[in-house]
Amino acid sequence: MTKIPIIIDTDPGIDDAMMLTLAFANEGALDVRLVTTCSGNISQDKTNYNARSFLSYIGADVEIARGLEQPIFRELEVAEDIHGESGFGNVQFPTPTLLVSNRPAVTAMLETILASDEKITIVATGPLTNVAALLLAHPEVKTNIERISWMGGAAVGGNMSPSAEFNAYVDPHAVEIVFRSGIPIVMSGLDVTHKAFVTIEEAKNILAIGTEFAEKAYHLVTYYLDVIKRTPFHEANYDQVLHFHDVCAVMYLLKPEYFKGQDCYVEVALEGVTAGATVVDYTNRSGKMPNVHVLHTVDRGAFVAEFVKAVEIISDRLE
Ligand code: BDR
Ligand code: CA
C-alpha cells in the first residue's frame, strides 16, 4: 500500500492529541513527514510543548516545528475553558524527549513540500495561520500540495460564536487565504464533527484497554464533559457525548468511505458579529465554482471502532 505523505499542523489540545493518536497508530498508511504547531486552543509555547510531550510519550519519531504566535490580524483568543490551562485537562505527560526543530514551521513546511517527490497532504486541526502564511510567502508550494484536510468551520451554527466555529473564528483571514488558494480542501466542520461523537459508555471501552496510555486518553476526553457549553439548541444528549472534532481530519484520509460530503462554494466572514462564519453555498445559488469539499455525515459506529483500535495499537507499542 502506498503511504499518504502528510504534514500535520495542530494546536494540542485534547482532540488534537486524539487526532495524533490516530495518525501515529496508522503509520502503515500515513507517512507523517513533519508536525507543526499553531497557536489556538492555547498559546504557541504550550501547543508546541504539548505536541512534543505527547508525541514523545507515544514514541513518535518526527520533527516538530514551532509556528506563528498570533493570527494574521486578530488578537489570539484561546480555549482554556475547554482544554484546561495546560491544554491537556488534568492529564500530564512526561517532559518531552523530542526537541523543537531549528526550522520555523513555515520554513520546515516549505522545504518538506519542495523536497518531496510526491504531492503532500496537509492535515490542519487548528486555526489556519501557519498554512496561510506558507501560501502567502511561498505560493510555489501549491502545485506540490495534494489537498488540505482541515477541521474547522460549519455550514450551520458555531461553537465560538452563534455562527462561527473556533478554528475559523480565531483566524478568519487565514481561512480566506486558504479557501482562495485553489488547493483542494476537505472541510470537517461542526456539521460532521458533531456527528463524530463518542458516548461515555464507549469511552469506558477505551479505559477498559487497561494500559497507562488508555487511561490517559480516557481522562483527556472525559475532561470535556465538565466544561462543555450547553445550549438548548444542541442535541438532547449533548452533555453525554464527547466530540472528536480533530480526529475527523485524519480519519477522512484513512477511511473516506466512512464520510459523505458535497463540493460547495464556501466563503468566510471576516468582520463583525459573524466573523469566522463559513458560509456554505450548498444549493449553489451563487453559481460560483465549488472550492471546498464539505463533509456532513459520518458512519459513527465505524469511526468509534477505528479510533478504539488506534488506542489499542499505541498501547501495544508502549507495553
Ligand atoms: C476545534 O476547536 C478546538 O478547540 C478543537 O481542538 C478543534 O480543533 C473544534 O471547534
Ligand atoms: Ca484543534
Side-chain angles (χ1 to χ4, degrees), residues 8-25 35 37-58 60 64 76-94 96 123-127 150-152 159-160 165-167 169-170 188-190 192-194 196-200 202-207 209 211-230 234 238-251 303-304 306-308 310-311 314-315:
I8 299 177
D9 186 59
T10 177
D11 60 341
I14 291 172
D15 56 332
D16 299 80
M18 297 302 99
M19 172 280 293
L20 293 169
T21 300
L22 183 68
F24 283 90
V35 172
T37 52
C38 52
S39 309
N41 284 323
I42 40 175
S43 66
Q44 178 62 226
D45 280 347
K46 292 183 186 176
T47 58
N48 189 274
Y49 181 89
N50 285 353
R52 290 187 293 112
S53 64
F54 183 79
L55 290 172
S56 301
Y57 176 78
I58 67 168
I64 304 172
L76 178 64
E77 283 191 47
V78 294
E80 289 184 1
D81 54 335
I82 304 289
H83 299 263
E85 209 184 315
S86 76
F88 280 161
N90 298 321
V91 178
Q92 291 192 334
F93 292 95
V123 172
T125 62
W150 178 51
M151 188 283 130
N159 60 359
M160 187 61 181
E165 180 279 329
F166 177 80
N167 292 335
Y169 177 92
V170 171
S188 297
L190 298 179
V192 69
T193 68
H194 276 176
F197 61 81
V198 174
T199 66
I200 297 173
E202 288 161 347
K204 287 183 186 152
N205 294 336
I206 296 175
L207 187 61
I209 294 170
T211 58
E212 183 189 88
F213 174 62
E215 195 181 319
K216 284 185 186 294
Y218 172 81
H219 288 298
L220 272 177
V221 298
T222 51
Y223 179 80
Y224 273 151
L225 281 179
D226 299 331
V227 291
I228 210 86
K229 294 187 187 85
R230 298 182 182 90
H234 284 121
Y238 196 71
D239 55 352
Q240 300 296 312
V241 300
L242 314 160
H243 290 127
F244 274 38
H245 304 284
D246 291 343
V247 177
C248 292
V250 166
M251 190 69 85
F303 176 94
V304 174
E306 193 63 27
F307 180 76
V308 175
V311 178
I314 299 288
S315 291

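Given the structure is predicted, the values throughout are model-derived calculations rather than measurements. Side chains are part of it too, since the values below use all heavy atoms of this structure and drop only hydrogens, waters and symmetry mates.
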Find the distance between [atom1] ([X]) and [atom2] ([Y]) and round it off to the nearest 0.5 Å.
X: F307; Y: E202; atom1: CZ; atom2: CD; result: 11.5 Å
X: E85; Y: N90; atom1: CD; atom2: CG; result: 11.0 Å
X: I82; Y: M160; atom1: CD1; atom2: CE; result: 9.0 Å
X: I14; Y: L242; atom1: CD1; atom2: CG; result: 10.0 Å
X: T211; Y: Y218; atom1: OG1; atom2: OH; result: 14.0 Å
X: D11; Y: T37; atom1: CG; atom2: OG1; result: 9.0 Å

Which pair of non-hydrogen atoms, one from [X] and one from [Y], has the smallest distance, and what is that distance?
X: S86; Y: N50; result: O-ND2, 2.8 Å
X: A196; Y: C248; result: CB-SG, 3.5 Å
X: P127; Y: D9; result: O-OD2, 4.0 Å
X: G126; Y: C38; result: CA-SG, 3.9 Å
X: L76; Y: S43; result: CD2-CA, 4.3 Å
X: S315; Y: I209; result: OG-CG2, 3.9 Å

Side chain to side chain contact (heavy atoms under 4.5 Å, CB included) with M18: which of D246, V311, V198, L220?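 Between M18 and the candidates, side chain to side chain contact (heavy atoms under 4.5 Å, CB included) is satisfied uniquely by L220.
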Only one of V247, T193, V123 forms a side chain to side chain contact (heavy atoms under 4.5 Å, CB included) with M151, so which one is it?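 Passing option: T193.
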Output all residues satisfying ring pair (Phe, Tyr, Trp, His ring centres under 6.0 Å) with F24, sequence neighbours left out; order by chain, then residue number.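 With neighbours one apart ignored, the set is empty.
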Going through the checks in order, is the side-chain contact (heavy atoms from CB on, under 4.5 Å) test met by N48 and I64? CA-CA 8 Å; N48 189 274; I64 304 172; 4.0 Å; yes
Okay, side chain of N159, backbone of F166: is any donor-acceptor separation there less than 3.5 Å?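 Indeed, once roles are kept as given, a pair shorter than 3.5 Å links the two residues.
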I'd like to check V221 versus F244 (side-chain heavy atoms, cut-off strictly below 4.5 Å). Are they in contact?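 V221 reaches F244 side chain to side chain.
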Report yes if some heavy atom in the side chain of H83 is under 4.5 Å from a heavy atom in the side chain of K46; otherwise report no.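 A side-chain contact under 4.5 Å is absent here.
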Counting neighbours of CD on Q92 that are heavy atoms of other residues, nucleotides or ligands and sit closer than 6.0 Å, is the number greater than 12?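 No, not enclosed.
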ring-ring contact (aromatic ring centres under 6.0 Å, His included) partner of F93, the single match among F213, Y49, Y57: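 It is Y57, the one option of F213, Y49, Y57 that forms the ring-ring contact (aromatic ring centres under 6.0 Å, His included) with F93.
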Using the rule side chain to side chain donor-acceptor pair (under 3.5 Å), only one of T47, D15, D16 pairs with N41; which is it?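 When side chain to side chain donor-acceptor pair (under 3.5 Å) is applied between N41 and each of T47, D15, D16, only D16 qualifies.
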